[in-house]
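A, B, ... follow the sequence lines: proteins, then strands. Residue 1 opens every chain.
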Amino acid sequence: MSRFSQKVLGIVLKIPLRRTMTYKEVAVLAGRPKAYRAVGNILNKNKDSKVPCHRVIRSDGGIGGYNRGKDAKVRILKKEGIW
DNA sequence: CGTATGACGTGCA
DNA sequence: GTGCACGCCATAC
């Protein structure tokens with residue numbers, strides 16, 4: 001695991017309930033403001049269910065994707081009352 | 001080791 | 001408001 005990916009996972013893991021973060025924000029906090037593209041990639045390959053990657057959305061406010069299917073992601077977000 | 005890919009973002013027509 | 005092209009970075013092949 002790269003340091004960057006580890007940091008990203010850690011940040012996503014620390015996202016409070018009822019709170020969402022954009023890929024860009026995560027990238028910035030990870031120290032690579034221009035690596036938002038890589039952030040999504042890392043989350044995509046990440047299979048750790050401990051990481052609430054469903055709370056990471058696009059800056060446009062749209063749903064990005066999900067390694068388990070975006071439908072599941074939307075479902076979870078609705079369940080958390082975000083949508 | 002070089003190329004291709006992707007859960008992105010911004011700019012411009 | 002919509003659509004297309006370019007840039008950017010970490011993985012996968």
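- Residue contacts shown for A:Asp60 are limited to sugar-phosphate atoms, with no base heavy atom under 4.0 Å away.
- Rounded to an integer number of Å, the gap from A:Arg58 CZ to B:dG6 C1' is 11 Å.
- A:Gly65 and A:Tyr23 get closest at one heavy-atom pair: N-OH, 4.1 Å.
- The side chain to side chain donor-acceptor pair (under 3.5 Å) with A:Glu80 is formed by just one residue from the set A:Arg55, A:Arg19, A:Arg75; it is A:Arg55.
- Across all strands shown, A:Gly40 has heavy atoms under 4.0 Å from base atoms, whether or not it also approaches the sugar-phosphate.
- Closest of all the heavy-atom pairs between A:Val26 and A:Ile11 is O-CD1, 3.9 Å.
- DNA chain C is contacted by no residue of residues 69-83 of chain A, taking any non-hydrogen atom closer than 4.0 Å.
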**Q.** Under 4.0 Å protein heavy-atom contact, by nucleotide of nucleotides 1-13 of chain C - B base, S sugar-phosphate only
**A.** ------BBBBSS-
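- As rounded to whole Å, 11 Å separates atom P of B:dC8 from atom CD1 of A:Ile63.
- Within the 4.0 Å cut-off from OP1 or OP2 of B:dC8, not a single side-chain nitrogen or oxygen of A:Ser59 is found.
- Listed here is the closest heavy atom pair of A:Ser59 and A:Lys24: OG-CB, 4.0 Å.
- Heavy atoms of other residues, nucleotides or ligands lying less than 6.0 angstrom from NZ of A:Lys78 number 12 at most.
- Evaluation of atom-type donor-acceptor distances gives a pair under 3.5 Å for the side chain of A:Tyr23 against the base of B:dA7.
- At a threshold of 4.5 Å between side-chain heavy atoms, the hydrophobic network of Ile, Leu, Val, Met, Phe, Trp and Tyr places A:Val12 and A:Leu77 in two separate groups.
- The pair A:Asp60-A:Arg58 meets the salt-bridge criterion, since a charged nitrogen lies less than 4.0 angstrom from a carboxylate oxygen.
- Note: the hydrophobic cluster containing A:Ile57 also contains A:Trp83 (ILVMFWY, side chain heavy atoms under 4.5 Å, direct or indirect links).
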